[in-house]
Structure formats: C-alpha cells, structure tokens
Protein chains: 2
Amino acid sequence: MARPKTLTNRAELIIEAAEELFGRYGYERTSIEEIAKHLSIGKGSVYLDFRTKQEILFEILRRHATAIQDIFKERLNNISGSPLDALRKATEESVMTCYDRVSRDFHTPEALLHTSLEMKSHFKDFYVRKRELIIGFLNKAADAGEIKKEIANEETAKIIIMVTTTIFPPYLNCTEFNTPVTRELLQARASKLLLLLVNGLRHYKG
Amino acid sequence: MARPKTLTNRAELIIEAAEELFGRYGYERTSIEEIAKHLSIGKGSVYLDFRTKQEILFEILRRHATAIQDIFKERLNNISGSPLDALRKATEESVMTCYDRVSRDFHTPEALLHTSLEMKSHFKDFYVRKRELIIGFLNKAADAGEIKKEIANEETAKIIIMVTTTIFPPYLNCTEFNTPVTRELLQARASKLLLLLVNGLRHYKG
DNA sequence: TTATTGACCATTTGTAAAACTTAGTCAATA
DNA sequence: TATTGACTAAGTTTTACAAATGGTCAATAA
C-alpha cells in the first residue's frame with residue numbers, strides 16, 4: 001500500500017508562507033528551512049514542489065505580474081466608451097495595484113531597486129504581452145476613430161511603455177528629492193501623466 | 001621674497017587630468033596621487049585647489065550638467081517659430097549631448113547606473129533650473145496660443161520631466177533586453193517620444 | 001509502493017584579524 | 001609663501017576560518 005499524500009496543496013502553501021516570510025524578513029534572510037518549519041513539514045518536501053529557492057520567488061513575482069496584467073486584459077475586453085480612456089484608466093489602475101503590491105512586499109527602497117532591475121530581465125514575456133495588450137487598445141482606438149490607424153502598432157506601444165516607465169517601480173524620479181513616493185502623490189502623478197499622454201501638450205487641460 | 005606660483009591654471013589642469021583618468025579607470029580606481037603624478041606636481045598641491053576628491057568629480061559633473069542646461073537656455077532665448085517645437089528640439093538635442101558625454105566618460109553600465117542615482121540627489125539645483133526653463137518654453141507656447149494658459153506651470157513641467165526620464169541616463173528601459181542603447185536607437189526613441197508628448201495619442205502621426 | 005524526511009555535503013555567506021591602500025594633513029622645504 | 005611628500009587615520013582588500021544554508025538522497029513512515 002502506497003503512502004497517501006499528507007498535503008494536496010503543498011505547493012500553494014509554500015508560496016503563501018514564502019510570500020509572508022520574504023515580505024517580513026526579505027528574500028535572502030528567509031531560509032528554506034524557515035519556510036518548511038512555518039508549515040510543519042520537512043525541508044526536503046519543499047524541493048518536491050520547487051527545484052530552487054529562486055523558483056519560489058519567481059512564482060510569487062509571476063503572480064504579481066499576472067494580476068497586474070489581468071487588469072489590462074479585463075479592461076480591454078470590456079470597453080464600453082472610449083478605448084483611449086479605457087487604456088488610460090487601465091494603466092492608472094495597474095499603476096496603483098503595482099504600488100500596493102510592491103509596498104506590501106518590499107520594505108526597503110534598495111531592495112525594491114535591486115529586485116526590480118534584477119527581475120525585469122527575467123520577465124521578458126510579461127513585457128511582450130503588455131505590449132500586445134496596448135496594441136489591442138490602440139487597434140480599438142483606431143477603429144473608433146480616436147487615433148490614426150497608422151500608429152496602432154508595436155512602435156507606439158513601445159513608446160507608451162517608455163513614457164509610463166516612471167510611474168512603475170522602481171520609482172526613480174527626480175522632480176522631488178527626499179520625498180517618499182506616497183500613494184496619493186503617485187496617483188496624482190499617474191493621472192496627470194496619462195492625460196498628457198492621451199492629449200499631448202497641445203490639447204492638455206491639466 | 002615669496003616663492004612664485006609655478007602654475008597659474010592648476011585647478012583647470014587638475015580637472016582635465018581627472019576627467020581623463022576617471023574616464024579611463026573610473027572614479028574609485030583613480031587616486032589623487034595618480035592625478036598629481038600625471039601633472040608632475042605634488043599630491044598636496046591638489047588639495048590647494050580642491051578640498052576633497054569628490055569635489056573634483058562634482059566639478060566635472062557640474063560642467064556636463066551646465067553644458068546640457070545651456071542648450072536649453074540658448075534655444076529658449078532664440079525661438080523663431082513654434083515654442084513647442086523649440087522645446088521638443090531642445091530636449092532632443094540635450095538628450096543626444098547627454099548621451100555623447102556619458103558614453104565618453106562612463107564605460108561600464110553599472111558605473112553609469114551607480115553614478116546617476118548617487119549623483120542626482122547632489123544636483124537638485126540642476127533639476128530646479130531645468131524645470132524653470134521648461135516653464136519658460138510653456139509660457140511662450142501659451143502666449144503663442146499653442147497650449148492652454150492654465151497648464152503653463154510647474155506641475156506640467158514636472159510631468160514633462162517624468163515623461164522624458166527614460167531618454168536620459170541611466171537608460172533603464174524594458175522594451176528591449178540585452179540590446180545596448182545605441183546612439184541611433186536613442187535618437188529614434190527620443191524623437192518619437194517627444195512628438196507623442198507634444199501631440200498626444202489623439203493627434204500623434206508617428 | 002510512494003510520499004516524506006532530516007542527516008549530510010558542498011557551496012556560500014558571515015566574521016575577525018592582518019595587510020594594504022589611499023584620502024587628507026602639515027611641518028619642512030624651495 | 002607656494003609647494004611638497006612623509007605621515008596618519010580611515011577605509012578597503014585579503015585571508016583564514018566558522019557558521020549558515022541551498023540542495024541531495026538513503027532511510028523511514030504510511
């Protein structure tokens with residue numbers, strides 16, 4: 001008779017425990033043994049679900065990225081009025097979701113900076129999909145006559161991502177110094193920046 | 001009888017020597033003694049003109065910043081046609097000048113990243129003046145009827161700086177990976193980004 | 001028979017002391 | 001009085017060692 005599994009959702013529990021401990025003590029200072037102890041399982045069991053410690057971190061980050069992605073996807077599939085407005089609002093919402101998740105998990109600014117730069121290169125796919133979603137919005141905007149058909153392409157999507165880089169972490173802005181980026185400040189900035197992106201200086205109303 | 005000065009422009013020569021050596025070996029790996037040796041003067045003489053090593057670095061960086069600032073200033077004072085176009089072209093030019101100076105002096109990407117982040121906080125004034133110059137362009141654009149009078153203010157200038165952050169060093173962009181930022185790539189990006197900034201998605205023609 | 005475990009190994013990381021480097025000073029010198 | 005380079009204090013690298021931890025696997029439990 002085979003030994004029955006004691007936990008059916010162990011991988012899930014490991015993710016949850018890791019997320020809490022990484023958030024509390026940081027990635028480096030949390031050991032696999034701590035995670036196992038937290039769940040009252042053996043250290044070896046963690047390696048039945050994940051091949052490396054980094055794999056756990058990536059899974060956590062992948063979920064954050066996916067959640068933020070889903071905001072875009074959902075908004076793109078439920079456009080009622082102006083597609084351009086929908087893109088603006090979807091970006092605004094994902095900016096704030098990103099902020100909330102990041103400020104919950106990463107406590108020191110350096111950790112955020114390091115992680116962001118380190119990790120970004122591991123999330124190529126994420127950026128490719130984001131670009132495709134933006135192109136989706138642009139196509140709908142072109143159909144609705146809001147923008148020129150010729151600019152509903154990858155190039156424009158890339159520029160949009162560039163323009164909105166500062167409102168995503170790490171928040172490396174130079175307009176204010178020694179001022180921490182509060183939720184309110186970021187929201188105000190993002191809102192204005194996105195309005196400017198849509199209307200341009202020529203038609204921007206503030 | 002007092003000993004006569006052997007060098008009248010020693011400070012200037014130190015700056016030049018430091019610029020060359022910092023560029024070749026990096027700031028940390030260049031010692032004050034090396035700089036002195038390079039000019040065949042005593043180590044102590046360097047300290048007659050500069051109180052610290054860092055002061056030399058700051059002076060070099062201050063000159064770069066000023067040169068880039070001057071492009072803006074000159075363009076602002078010689079607007080013939082559209083002020084908005086002038087702002088666009090002034091920014092484009094300063095982006096490229098910045099690139100050229102930075103790629104000449106900093107050889108490794110890490111050095112650039114580190115220096116940029118480290119130094120930015122020491123150049124508050126630079127950003128304040130840049131903001132003022134941008135407000136200058138906005139005021140002229142408002143006078144010319146190109147933009148609404150209400151948006152010719154500091155807030156808008158801040159957003160413009162945010163939007164253009166990615167085309168200034170450190171070039172932390174995520175649209176391409178493993179692709180070094182070449183001069184041509186940056187020029188194309190900056191040009192498109194600035195057109196989009198002026199016209200907005202609604203009126204952007206690519 | 002198979003899921004689980006924790007002792008075990010190899011590598012990394014932390015630490016403490018010694019050796020070395022260098023920014024900045026200042027009494028001696030030109 | 002302008003300049004210097006030996007000197008000092010502070011910091012950095014090196015080295016040697018100890019502790020911690022990521023990952024494996026033979027033994028164990030169901």
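The analysis underlying the following values was restricted to heavy atoms, covering all of them including side chains, and did not include hydrogens, waters or symmetry mates. Order of the sequence lines sets the chain letters (A, B, ...), proteins ahead of strands, with each chain counted from 1.
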Quiz item: So, the side chain of A/Glu34 versus the backbone of A/Thr30: is there a donor-acceptor pair under 3.5 Å, distance only?
Solution: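 A pair under 3.5 Å: no.
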Rounded to whole angstroms, how far apart are [atom1] on [X] and [atom2] on [N]?
X	N	atom1	atom2	result
A/Lys5	C/dT2	NZ	P	12 Å
B/Arg10	D/dT4	CZ	P	8 Å
B/Ile32	C/dT25	CD1	C1'	13 Å
A/Arg29	D/dA20	CZ	C1'	14 Å
A/Tyr47	C/dC9	OH	P	17 Å
B/Glu28	D/dG11	CD	C1'	13 Å
B/Phe50	C/dT25	CZ	P	15 Å
A/Leu57	D/dG22	CG	P	13 Å

Quiz prompt | Distance test, side-chain N/O of A/Thr6 to OP1/OP2 of C/dT4, below 4.0 Å | solution =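 Yes, within the criterion.
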Can you identify which nucleotide, out of [options], has its nearest atom closest to the [X] side chain?
X	options	value
B/Lys43	D/dT4, D/dG23, C/dG24	C/dG24
A/Ser31	D/dG22, C/dA23, C/dT4	D/dG22
B/Ile41	D/dG23, C/dT4, D/dT4	D/dT4
B/Lys53	D/dA30, C/dC8, C/dG24	C/dG24
A/Leu48	C/dT5, D/dT3, C/dA23	C/dT5

Quiz item: Is A/Ile56 touching bases, backbone alone, or none of the nucleic acid, heavy atoms closer than 4.0 Å?
Solution: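 Contact class for A/Ile56: none.
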Quiz item: With sugar-phosphate meaning primed atoms plus P, OP1 and OP2, does B/Thr8 contact a base, only sugar-phosphate, or nothing at under 4.0 Å between heavy atoms?
Solution: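 If one applies the 4.0 Å heavy-atom cut-off, B/Thr8 turns out to touch nothing in the nucleic acid.
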Quiz prompt | B/Phe168 and B/Tyr99: CA distance, side-chain angles, deciding distance, side chain to side chain contact (heavy atoms under 4.5 Å, CB included) verdict | solution = CA-CA 8 Å; B/Phe168 285 99; B/Tyr99 178 87; over 6 Å; no
Identify all side-chain donor-acceptor contacts of residues 35-48 of chain A below 3.5 Å with residues at least two apart in sequence or on another chain.
none

Exercise. Test B/Leu194 against every option in B/Val163, B/Thr164, B/Asp85 by the side chain to side chain contact (heavy atoms under 4.5 Å, CB included) rule and name the one that passes.
Key: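 Result for side chain to side chain contact (heavy atoms under 4.5 Å, CB included) with B/Leu194: B/Thr164.
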Exercise. Report the end-to-end axis angle of the helix from C/dT1-D/dA30 to C/dA30-D/dT1; each axis comes from five terminal pairs, and the value is rounded to 10°.
Key: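 The angle, to the nearest 10 degrees, is 20°.
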Exercise. Decide, yes or no, whether a salt bridge links B/Glu92 with B/Lys89 under the criterion of side-chain N to carboxylate O below 4.0 Å.
Key: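 Looking at B/Lys89 together with B/Glu92, the answer is no, because their closest N to O distance does not fall below 4.0 Å.
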Quiz item: Are B/Leu138 and B/Ile151 side-chain neighbours, meaning at least one heavy-atom pair lies under 4.5 Å?
Solution: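 No - every pair of side-chain heavy atoms lies 4.5 Å or more apart.
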Exercise. Would you mind reporting whether A/Thr91 and A/Leu197 have side-chain heavy atoms less than 4.5 Å apart?
Key: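 No, too far: nothing below the 4.5 Å cut-off.
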